[in-house]
Amino acid sequence: MDAAITLCRIPLRRLNELAGLRQLPGQYANDGADMILDDTPALSFHAIHADGRLVGMFKLDPNYPERHAFAAPDDLGLRGVLIDVDFQGHGYGTAAMMVLPGYAAMNYPDKRRLFLTVNLLNPAAYMAYIKAGFVDEGQIYTGGSRGPQHILWAHLPQTEKTPCSGKSSSPCSA
């Protein structure tokens, strides 16, 4: 995979840009059109671009510890990772997860770790997270609506940088 991966926050007024992202039947995330309806307080939506093309999305949840006892107050939650059906199997998900901790740290500098859950029946996603450096300590989350899930986490690097403004020439420009 030689594509340049770009992650960027999508403001609420532009969420419709993510609506066309789709998954294969039986996969564990929702399609983009359903995911953008999530009105969880403080949740932020983010796009994954490969060489300027929209290939996926994810959500970051700073209030994740309020709903998941395994996360500490200074942890951030990763939810709803979706690589579009047309772009799966090319390494975009793994590449995005490899750069995600640095990106998340710039956007949430008060957070220390990034937590997620991945369904036990989703070995491709699990391996992408493990290849990207996420840690599995053997804990299982059983409170999800789609069956038991691995609990994974990654350290967020401590940074003094601020997130990019919307004035860049990236696909994420306002």
Side-chain angles (χ1 to χ4, degrees), residues 1-25 27-64 75-111 113-119 122 124-134 146 152-154 156-157 159 161-174:
M1 210 276 317
D2 294 329
I5 297 294
T6 306
L7 307 178
C8 65
R9 189 175 193 143
I10 301 296
L12 294 178
R13 71 181 185 283
R14 291 180 40 212
L15 287 183
N16 62 324
E17 295 172 18
L18 306 173
L21 295 170
R22 300 170 295 119
Q23 65 173 345
L24 290 169
Q27 289 184 314
Y28 296 94
N30 289 319
D31 287 334
D34 291 326
M35 277 205 271
I36 64 172
L37 300 177
D38 190 340
D39 62 355
T40 302
L43 190 70
S44 61
F45 294 82
H46 303 263
I48 302 168
H49 289 88
D51 290 336
R53 294 176 305 176
L54 178 64
V55 299
M57 68 171 290
F58 59 92
K59 302 179 281 188
L60 293 176
D61 184 357
N63 296 331
Y64 194 78
D75 291 334
L76 179 65
L78 173 63
R79 298 178 41 215
V81 177
L82 170 63
I83 301 298
D84 186 80
V85 64
D86 293 335
F87 298 101
Q88 292 179 13
H90 299 284
Y92 298 133
T94 300
M97 295 306 103
M98 290 176 91
V99 299
L100 180 57
Y103 171 82
M106 288 191 320
N107 282 272
Y108 293 92
D110 59 323
K111 301 298 183 180
R113 294 181 299 176
L114 180 62
F115 270 86
L116 65 96
T117 61
V118 62
N119 197 287
N122 192 352
Y126 176 82
M127 287 310 301
Y129 294 121
I130 295 301
K131 285 180 188 176
F134 282 79
R146 298 181 184 190
L152 306 178
W153 63 272
L156 296 181
T159 178
K161 298 177 185 176
T162 57
C164 297
S165 73
K167 298 179 182 177
S168 72
S169 61
S170 76
C172 303
S173 297

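Legend: salt bridge (charged side-chain N to carboxylate O under 4.0 Å, His left out) pairs involving residues 88-99, not counting sequence neighbours: none detected. Residue pairs meeting the salt bridge (charged side-chain N to carboxylate O under 4.0 Å, His left out) criterion with at least one member in residues 39-49: none, sequence neighbours excluded.
With D51 contributing its side chain and A4 its backbone, the two residues share a donor-acceptor pair below 3.5 Å.
Considering only heavy atoms from C-beta on, Y129 comes within 4.5 Å of L116 through its side chain. Under the 4.5 Å side-chain criterion, counting only non-hydrogen atoms from C-beta, R53 is in contact with Y92. Using a 4.5 Å heavy-atom cutoff, the side chains of I10 and I36 are not in contact. In this structure, H49 and V55 have side chains that are not in contact, with every pair of non-hydrogen atoms separated by 4.5 Å or more. For the pair L21/L54, a side-chain contact is recorded, criterion being any heavy-atom separation below 4.5 Å from C-beta on. Side-chain contact between L43 and L60 is absent, with no heavy-atom pair separated by less than 4.5 Å. Under the 4.5 Å side-chain criterion, counting only non-hydrogen atoms from C-beta, M57 is in contact with L18.
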Criterion side-chain contact (heavy atoms from CB on, under 4.5 Å) on I48 and F58, from CA distance to verdict: CA-CA 8 Å; I48 302 168; F58 59 92; 3.7 Å; yes
Apply side-chain contact (heavy atoms from CB on, under 4.5 Å) to F134 and V118, showing your working. CA-CA 11 Å; F134 282 79; V118 62; over 6 Å; no
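Shown here are the ring-ring contact (aromatic ring centres under 6.0 Å, His included) partners of F45, two or more places apart in sequence or in another chain: there are none. When the side-chain contact (heavy atoms from CB on, under 4.5 Å) test is applied to P62, the partners found at least two apart in sequence or on another chain are A42, L76, Y108, K111. Remark: D38 engages K59, R79 in a salt bridge (charged side-chain N to carboxylate O under 4.0 Å, His left out) (not counting sequence neighbours). Listed by chain and number, the residues in a side-chain contact (heavy atoms from CB on, under 4.5 Å) with A128 are T94 (sequence neighbours excluded). Here R22 pairs with D86 under the salt bridge (charged side-chain N to carboxylate O under 4.0 Å, His left out) rule; sequence neighbours left out. Under the side-chain contact (heavy atoms from CB on, under 4.5 Å) criterion, A33 pairs with A19, not counting sequence neighbours. In terms of the ring-ring contact (aromatic ring centres under 6.0 Å, His included) criterion, F87 has no residue partners (sequence neighbours excluded). Judged as a side-chain contact (heavy atoms from CB on, under 4.5 Å), and not counting sequence neighbours, the contacts of L24 are Q27, V85, Q88. Remark: D75 engages R113 in a salt bridge (charged side-chain N to carboxylate O under 4.0 Å, His left out) (not counting sequence neighbours).
Going from atom CG of N16 over to atom CZ of R14 covers 9.0 Å, rounded to the nearest 0.5 Å. Taken from CG in L152 to CG in L78, the straight-line distance is 10.0 Å, to the nearest 0.5 Å. Within the model, atoms CE of M106 and CG of L156 stand 11.5 Å from one another, a figure rounded to the nearest 0.5 Å. Taking CG of D31 as the reference point, atom CG of D84 lies at 8.5 Å (rounded to 0.5 Å). In this structure, CE on M97 lies 6.5 Å from CD1 on I83, to the nearest 0.5 angstrom. Summarising the geometry, atom CG belonging to L100 is positioned 11.5 Å from atom CD1 belonging to I5; distances are rounded to the nearest 0.5 Å.
There is no side-chain donor-acceptor pair under 3.5 Å between Y103 and R9.
Counting all heavy atoms, side chain and backbone alike, P157 lies closest to A105 at O-CB, 3.0 Å.
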